[in-house]
Every structure is written in C-alpha cells, then in structure tokens.
Amino acid sequence: MPIGPLKQHLLKKISEACREAFQHAAGEMEIGFPPDLQLGHFAAGCFPLAKALRRSPAEIAKTIAAGIAPDDVVQTAAAAGPYINFTLHPRRLFGEVVAEIASAEDRYGDARTGEGRRVMVEYLSPNTNKPLHLGHLRNAALGMAVSRMLAAVGHPVVKSILINDRGVHICKSMLAWERFAHGATPQSAGVKGDHFVGKWYVRYAVESERDPSLETAIQEMLLKWEAGDPQTLALWRRMNQWVYDGFAETYRSFGMRFDVFYYESETYKLGKDVIAAGLQQGVFARDERGNTLFHLPEKDFGLEKNGLTKRVTVLRPDGTSLYITQDIGTAIRKVTEHSLDASVYVVGSEQEHHFKCLFAILRALGYAWAPNCHHLSYGMVYLPEGKMKSREGKVVDADDLIAAMIELAEEEIRRRDPEQRLSEGEIRRRAEVIGVGAIKYYLLRVRPAQSINFDPAESISFDGFTGPYCQYAYARIFGILEKAGRRGLTEQKADCGLLGNLEELLLLKMLIQFPEELASGVAEHNPARVAVHVFNTARAFNQFYNKHAVIQAENPALAAARLALIRATAAVLKRGLALLGIGVLENM
RNA sequence: GCGCCUGUAGCUCAGUUGGAUAGAGCAACGGACUUCUAAUCCGUAGGCCGGGGGUUCGAAUCCCUCCAGGCGCGCCA
C-alpha cells in the first residue's frame, strides 16, 4: 500500500466512524500533517463536517476518533481540538513509503496528469550581438527546470529557442568589425566568439558617440541586409556563426539543451498572411493612417481614458511586420510543426503586456490551443549597483560567473583533499557539478515572480540554503551506503517497524511530500517548490545524521531499516536536484 | 493617469487554493569532530506578516482602501 492508498485507508476509517455516529458521509475531509509530529503522523480537520452536522468541529473530532478502532495500519486515532490525529504502525508507514520509492527507480513523484499533451517550452531568446549574461542564466535555469518538471508529470516536451539574429543591433557589431577589426577573428584574437562579437558591438557604441555618420551607415547596412546583398549576408553569417560557436560552449557548460532552433531571420516575415485573413474576418481593423490593429478586449485590458478600447498595432502601413506580427506567425508555426497542445514562453516580466496581447489575438483568431499558451514570467536580476544594462557594461557575464563558481568549488575541493589523492580530472568534474549547481540553485530557489538582488557574496556561498548543501547530503548518504555495502550490511530484510524516532519521522514526512510539491510546482510553473523541498529533505537528513548512527546502530536490524530509509532519501534528493538540472556527486 | 508584480526577523527569502504555536538561510552570540564526510548539527537572540478597515468559528493568506518600490501601458524588440 503506497502512500496514496494509506491516506485512503484513513479516510475510509473516518468515513465509517462518521456514518456510524452521525448517519452522515464524511464528505470532503482531507488528510494532512499535524504541525508537530509528536501529535501524530497524519491529521484530519473536521471543519467541513461542522455545518452539515451542526456540531462543533471539536465535538465531531472527539466522536469520530472514539469510533475508530486500531487495525494493522492505524495504531491510535485521537482527537485534539477540531483535529483527529492518527498514529500509524511504523512498519507500514515507513515500509510502504520506502518500498514505493525503491520501486519507482528514480522516477518517484512522477505523475500522468499531463496525459501526453505535448508542450513546447521556449526559453533563452538571445541576441547575436553579445554574450549571455546572468539574466540569461536565470531564464535558462527556469526553462530547463520547467521542461523537466512538465516531462515528469507526463507531458512530451519540446524545448525551443528563438534567436534574435537580425536587426539594427546586429548590424552595429558588423559595421564596427568591418571598420576597425582589420580582419581579426575569434581565433586570431584568442577570444570566445560571442565575446569577440560583443566587443565590436561595444566598440560601435563608443565610435558612434564621436562620429554620428555611423548612424546612417547602419541604416544603409540594414537596407542591404534586407535586400539580400551577398556581401552583407556573408559577413552576417560569418559573425553569427562566431557567436553560435561561443554560445554552444555556454550551453554545454550550463547544461542547456534545445530540440528546435528558431531564428528571427527566418520567422520575421511570418504572420502577415494570418493577419490578412484576420482582417477579412474582422478580427483586425485599419486605422486612418493605414496601421492594421487589434482592439484589445475590454474585459481583460480595460479602456483608454477617453473611453475607447485599447489597441495594438500588428502591421505597419507599409506592410512591414512588428515584433508581435512575427510572434503570431511563430506561435502558429510551432503548433503546426510539432503538434502542440500547449506552449510555455519563458520571458522576463517586462514583456507581460506583450504576451497578454499575443494570447488575446490568438484567441480572437480562434485557435483552440490559444488558451493553453502560458507566459512564464520572471523578475529581474538586479546587481548591487542597480539594473543590469549591457550597453553600459553593467552586467554579470554568464561565462565569467560560471568559471568563477567552478574555480571556488575547486579551491574548496582541494582544501578537503590535503593529501592530493584526487586526480585533476576528478577535481574538475566535481567542481563543475558543484559550481554550476550552486548557480542554478541560487537562481531557482525563489519563485519566478520574485526579482533577485544578486548578492555576489551570498551567491558564491556553499553553506546553508544552497545547491551544494543538498548535494552534500546526497554524498554523505552515498558514503554510508558504500561503507555498509563493504561491511556486508544490506537492507534486504529491514524491519521498518524499528523506525519511528522524531528525526526519522521528519525525514519520512519529506519523502511523502515530494510528489505533492512537484505537482504544485508544475501547476504553478514554479521550480522553487522543488528547490525548497529538496533543501528541507537534505536538512531533515542532516538532522537525522547528526543524532543517529546508521551503520553503528544499536543492532543490525535497526541498521538495515535505517539504510532503507536513507537510500530512499538519496533517491528523492537525486530526483529533485535532477529536475532542477543539478547533478549529484557520490563523494564531495 | 491606468494595469501587473512585490512588501513577512538586521539582510535574502519560504509560507498566500483561509486552519493547530508564522518558518528557513545568512549575519551575531554560545556550544558539538578519537565516531557513517564539520560544505554538518544543537542552542540563544531576533516579528503590530507595509498601515488601516472589512468578511468569519478562524486571515500572512480573501475583499476594500491607503503607503512604498519595481515593471509595463498600439504604430521598438
């Protein structure tokens, strides 16, 4: 009997006792946890029954508790105010949770609520004129985590990226390179491609300050690009490729994966035909200046102060497209190419209005999947000096941060290995898992809507509420399991009836709650639910660890039971961290 | 002016689908390694949950209002 049926059993007992005492169904009672595990293992509040029975919840709890007879699952049922607290036989309670986790084989907590509905998660959306920064890392950490969480509950997930590879900002780095680089390349300069191109983008900003004529040169270049001028296109391709080569390294070091690459140079003309058709159907209208526009529904957007409906332009008078034009086209293209049921866009909160408009338009156009489009909006990452502004160089570069964190982890690993038993390769491997894990955890531990004040000192900490703390708990467990294995101890014939002290109960509670937290996290598109729960699980283990011996337990039977418990804990830690895109180490 | 987000311990944040005594990390102070990994643990201290009003058996949580900060508000992306 896994945990779900265990709760069902309790509900059934309540229901029977309730019917016996009041000739009334128990209705909507729910099984939860008491605030203090000394009170019991599970609890049910009797509030839902109070109105129907016209008695106080406390009276009901008392009567029902008295009517519940102990059985092979329930040890005691006691009323405490309006609550019924249940104490279960540890053998069943621990045994069945541990068995369920063991049989799930790394998939504990998974569900089928997604029912195979196919979802695309689009994230990152980089520009090809500069390297990735801290804000991109938050975006990527969220995108990857949400993708994994959706997959865990049964959604086939397609991860996509929309690369902004065209436009005036790209021309700026091209022009600066043409004028000032004297043919230099990333290879000749010994610089990572995206950083190399970013350098010329910054150079343009500097040069255009003193030479305004560059502005007109940019406009000419843009026109040549639009006209398909071979030389311009060749330079554009060449420089973008430098950037992609650079990005690929960052994708790899941060663990980003994409199934589909979309490029705005290929999508920017999409959407026009849909808008033409929509104009025929009256979804869109023309204004006096020739703009094609969409009237935003009053229900969702309100009205202008002059009482007219708000509007958004979807096509310029000359027929050229806008950001939202191509987004309409791309949204449709995604669905047709990948048979999607839903779409998630991981984009900063500053674009909330844009996506609200986009989704309203898609609904107005009558697409059945339009209500399943979701903007996963997240807050800004602020630096101590204020908002990040790449044009002013006020950014935390992604590659720099990753390298710095790996470096810090490496120092810590060396400090713990004074006899230098570890190979350089092993040190490097561990440092990458720890350093990158620390960054991801730091970015994922708060809910997406919350803006993050990037605190350099706190972000590099490996203590407390951090990724390495969670990884450390896993490594500790692995150490115990390994040592137990060498000594021939196994949990084969573990008697979970021997478990039940406070620390073991608190740990078990975390294991039980993991699937619920994952489900909430998916429903809210909020990986922080998982991150916080993994931390609580690691903490519960550390508390247990510091108070109770496993291998050196009072007797071998108890040792076996505890081995089973911590093996299950390790599985939950590993699974939870994996959902966040964070790896574990068997030794730290 | 309007919309959305945020406001909880000195700092950074959980908790927000109404339920038992509001939690954690960091920082501070005091303790615990001859033991399965001290990247750990235990203890002390720290709160009108932004202010006010309302809804009810019960509000950090729901409603109204005010204050403060952030982000946005067609023809940029």
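Reminder, nothing fancy here: chain letters follow the sequence lines and each chain counts from 1. Just so you know, these numbers use all the heavy atoms, side chains as well, and skip hydrogens, waters and symmetry mates.
With respect to the salt-bridge test (charged N to carboxylate O, under 4.0 angstrom), the residues A:Glu304 and A:Arg311 do not qualify. A:Arg447 and A:Glu524 are not joined by a salt bridge, as no carboxylate oxygen comes within less than 4.0 angstrom of a charged side-chain nitrogen. Ion pairing between a basic and an acidic side chain is recognised when a charged N comes within 4.0 Å of a carboxylate O; A:Arg529 and A:Glu517 show such pairing. Under 4.0 Å is where a charged nitrogen must lie from a carboxylate oxygen, and between A:Glu586 and A:Lys574 no such pair does.
Nucleic acid contact for A:Ala43: base, since at least one base atom lies under 4.0 Å from a heavy atom of the residue. A:Asn85 comes within 4.0 angstrom of a nucleotide base, judged by non-hydrogen atoms across all strands. The residue A:Glu304 sits apart from the nucleic acid: no heavy atom pair falls under 4.0 Å.
Rounded to an integer number of Å, the gap from CD of A:Glu122 to C1' of B:A77 is 13 Å. Here the C1' atom of nucleotide B:C4 and the CE atom of A:Met380 are 13 Å apart, to the nearest Å. Atom P of nucleotide B:C73 and atom CZ of A:Phe355 are separated by 14 Å, given to the nearest angstrom. The distance from atom CE of A:Met510 to atom C1' of B:A24 is 11 Å, rounded to the nearest whole Å. Remark: P of B:G72 and CD of A:Glu352 are 11 Å apart, rounded to the nearest angstrom. A straight line from CG of A:Asp300 to C1' of B:C2 spans 15 Å, rounded to a whole angstrom. Per the geometry, NZ belonging to A:Lys356 stands 10 Å off C1' belonging to B:C73, to the nearest Å. For the pair A:Lys310 NZ and B:C4 C1', the computed distance is 11 Å after rounding to whole Å.
Here B:G72 is the nucleotide among B:G72, B:G74, B:A20 with the atom lying nearest to any side-chain atom of A:His353.
Separation of the C1' atoms belonging to B:C67 and B:U56 is 27 Å when rounded to the nearest angstrom. Between the P atoms of B:G50 and B:C26, the separation comes to 24 Å (whole Å). Atom P of B:U37 sits at a distance of 34 Å from the matching atom of B:A45, rounded to the whole Å. Between B:U21 and B:U65, the two P atoms lie 32 Å apart (nearest whole Å). B:U12 and B:G70 are spaced 15 Å apart, taking the P atom of each and rounding to whole Å. Comparing the C1' positions of B:G74 and B:C49 gives a spacing of 40 Å, expressed to the nearest Å. Taking atom P in both B:U55 and B:A60, one finds a spacing of 16 Å when rounded to whole Å. Taking atom C1' on both B:A32 and B:A38, the two are 9 Å apart, rounded to the nearest angstrom.
Legend: residues meeting salt bridge (charged side-chain N to carboxylate O under 4.0 Å, His left out) with A:Glu59, ordered by chain and number and at least two apart, are A:Arg55. Residues meeting the side chain to side chain donor-acceptor pair (under 3.5 Å) test with A:Glu412, sequence neighbours left out: A:Arg415, A:Arg416. Considering only residues two or more places apart in sequence or on other chains, A:Phe544 meets the ring-ring contact (aromatic ring centres under 6.0 Å, His included) condition with A:His548. Partners of A:Leu422 by side chain to side chain contact (heavy atoms under 4.5 Å, CB included), not counting sequence neighbours, listed by chain and number: A:Ile413, A:Asp417, A:Glu426, A:Ile427, A:Arg430. Evaluation of the side chain to side chain contact (heavy atoms under 4.5 Å, CB included) rule for A:Thr63 yields A:Ala21, A:Phe22 as partners, not counting sequence neighbours.
Under the side-chain hydrogen bond (donor to acceptor under 3.5 Å, both in side chains) criterion, the residue pairs touching residues 475-484 of chain A are A:Arg476-A:Asn542, with sequence neighbours excluded. Counting only residues at least two apart or on different chains, the side-chain hydrogen bond (donor to acceptor under 3.5 Å, both in side chains) pairs with a member in residues 431-442 of chain A are A:Arg428-A:Glu432. A salt bridge (charged side-chain N to carboxylate O under 4.0 Å, His left out) check over residues 448-464 of chain A, counting only residues at least two apart or in different chains, returns the pairs A:Arg445-A:Glu458.
The aromatic rings of A:Phe535 and A:Tyr469 sit tilted, their planes meeting at an angle between 30° and 60°.
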For nucleotides 34-42 of chain B, give me one character per nucleotide, 5' to 3': B if any protein heavy atom sits under 4.0 Å from the base, S if the only such contacts are to the sugar-phosphate, - if neither.
--BBSBBSS
Can you give one letter per nucleotide of nucleotides 6-15 of chain B, going 5' to 3': B for a protein heavy atom under 4.0 Å from the base, S for sugar-phosphate only, - for none?
SS----SSSS
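Once rounded to the nearest 0.5 Å, the distance linking OG of A:Ser377 with NE2 of A:His353 reads 13.5 Å.
Dashed line: the shortest gap from a side-chain N or O of A:Arg316 to OP1 or OP2 of B:C76 is under 4.0 Å.
Of the residues in residues 164-173 of chain A, those lying under 4.0 Å from RNA chain B by heavy-atom distance are A:Asn164.
Checked against a 6.0 Å centroid threshold, the rings of A:His169 and A:Tyr201 do not count as neighbours.
RNA chain B is contacted by both A:Ile324 and A:Pro57; A:Pro57 maps to the nucleotide lying nearer its 5′ end (nearest heavy atom per residue).
The number of heavy-atom neighbours closer than 6.0 Å to NZ of A:Lys272, taken from other residues, nucleotides and ligands shown, is above 12.
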Pairs counted only when both distances fall under 3.5 Å, Watson-Crick or G-U: show me the 5' to 3' dot-bracket for RNA chain B, [ ] for pseudoknotted crossings and | for other-strand partners.
(((((((..((((.....[...)))).(((((.......))))).....(((((..]....))))))))))))....
